[in-house]
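Any value given below was found using the heavy atoms of this structure, including those in side chains, with hydrogens, waters and symmetry copies removed. Counting starts at 1 for both ligands and their atoms, in listed order.
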Amino acid sequence: MNRKKMVAGNWKMNMTNDESVNFINQLKSTLVKNVDVKIAPSFTNLYNAILLLDSSEIEVIAQNIHYEDKGAFTGEISAEMLKNIGVKTVIIGHSERRKYFNETDSILSKKVKKAVDNSLKVIFCIGEELSERENGNHFELIKNQLKTGLFNLSEQEIQNTVIAYEPVWAIGTGKTANNHQIQEMHEFIRQLVKDKYGIGFSEKIRILYGGSVKPINAKDIFSLDDVDGGLIGGASLNISDFNSIVQAANG
Ligand code: PGA
C-alpha cells in the first residue's frame with residue numbers, strides 16, 4: 001500500500017514568535033512534493049505561522065487542546081479557538097503531556113473525541129518507558145494506550161487520525177530504537193488497527209515514528225515497511241536538519 005509520508009516537527013516549548021517567523025521564512029522554500037510536512041509551534045506563534053504559510057503546502061498544527069468546549073479552565077485552549085485561526089490538526093497524547101501534566105489515557109480519549117467532533121485531525125502519540133520495555137510489557141502497554149485513548153472512535157470518526165509511536169526512552173535522548181524494534185512495533189500497531197477497524201483502514205492509516213530522528217538515521221527509519229514518516233522534536237528546530245529529514249522522506 002502506498003501511503004504518503006508525513007514529517008511533523010514538534011517544536012515543544014521552543015522558539016519565540018520572532019524566531020518562529022525567521023524559521024518559517026527559511027522553511028517556505030523547502031520542496032515538499034511527496035511528503036506532508038507539518039510544524040507544531042507553540043500557541044503564541046500559531047496564528048502568525050498560519051498567515052505566513054497561507055499559500056504553502058506546509059501545515060501548521062497545534063501541540064495540545066483541552067477537552068471542554070469553553071469555560072473556567074485557566075490557561076487552556078479550546079478546539080474552537082484553534083479552528084478559528086485556521087488550525088486543522090492537533091497532536092494529542094505526547095509523552096511529555098502524559099508525564100508532566102498527568103494526562104491519562106481516559107483524559108486523552110476525551111481530547112481525541114473533542115478534536116474529532118470539531119473536525120480537527122489528530123496525531124495520537126503512544127509509547128513505552130524503558131522499564132516497561134525491559135519488563136517485556138511494551139506490547140501490552142501500547143495496546144492499552146490505543147484501546148483506552150483512541151479506539152473509542154467509530155470507524156468513521158477515526159479516518160483522519162495518524163498514530164505516532166514514540167518510545168519514551170528514545171525521546172530527546174539521542175537513543176533511537178533500532179530498526180527491528182521500530183518495524184516490529186509498527187507492525188503490531190497496524191495489526192491492532194486491523195483487528196479493530198478492518199484491513200482497509202489499517203492499510204491506510206499512517207504510523208509515524210518519533211524519538212531522536214536525525215538526518216543521519218531518517219532515511220533508514222522511513223524505509224521500514226510500516227513506518228510512514230516521523231514526529232521530530234529536537235531536529236525540527238534546526239532548519240537544515242529538518243530539511244534533510246523532509247528530503248529523506250521524499251524518497
Ligand atoms: P526528539 O523528540 O526528536 O527530540 O527525540 C521527538 C518527540 O518528542 O516528538
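Scanning all protein heavy atoms for the shortest distance to atom 3 (O) of ligand 1 gives Gly233 N, 2.9 Å. In terms of protein heavy-atom proximity, atom 7 (C) of ligand 1 is nearest to Glu166 OE2, 3.1 Å.
For the ligand labelled ligand 1, residue Ser212 lies inside the 4.0 Å heavy-atom shell.
Taking all atoms of both residues into account, the shortest heavy-atom contact from Leu46 to Pro41 is CD2-CD, 3.9 Å.
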(request) Kindly indicate, with the supporting measurements, whether the criterion side-chain contact (heavy atoms from CB on, under 4.5 Å) is fulfilled by Thr161 and Ile158. (result) CA-CA 5 Å; Thr161 302; Ile158 201 169; 3.7 Å; yes

Checking side-chain contact (heavy atoms from CB on, under 4.5 Å) for the pair Gln63/His94: CA distance, chi angles, key distance, verdict?
CA-CA 8 Å; Gln63 297 179 16; His94 191 278; over 6 Å; no

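With Arg190 as the fixed residue, the side-chain contact (heavy atoms from CB on, under 4.5 Å) test singles out one of Asp228, Asp225, Asp195: Asp228.
Of all atoms in ligand 1, numbered sequentially from 1 with element shown, those under 4.0 Å from a heavy atom of Gly234 are 1 (P), 3 (O), 4 (O). Atoms of ligand 1 lying under 4.0 Å from at least one heavy atom of Lys12, given by number and element, are 2 (O), 7 (C), 8 (O). Interface atoms of ligand 1 facing His94, defined by a heavy-atom separation under 4.0 Å, are 7 (C), 8 (O), 9 (O). Of all the atoms in ligand 1, the ones that sit under 4.0 Å from a non-hydrogen atom of Gly172 are 1 (P), 4 (O), 5 (O). Which parts of ligand 1 touch Asn10 is read off a 4.0 Å heavy-atom cut-off, strictly below it: atoms 9 (O).
Ring pair His186/Tyr209 is tilted by interplanar angle, where 30° to 60° counts as tilted. Note on ring orientation: taking the six-membered ring where Trp is involved, the planes of Phe73 and His66 are tilted (angle from 30° to 60°).
The local environment of CD in Gln181 is crowded, with over 12 non-hydrogen atoms from other residues, nucleotides or ligands closer than 6.0 Å.
Heavy atoms from both the backbone and the side chain of Ile171 come within less than 4.0 Å of ligand 1. Residue contacts with ligand 1, taken as heavy atom pairs separated by less than 4.0 Å, involve Ala170 solely via the backbone atoms N, CA, C and O.
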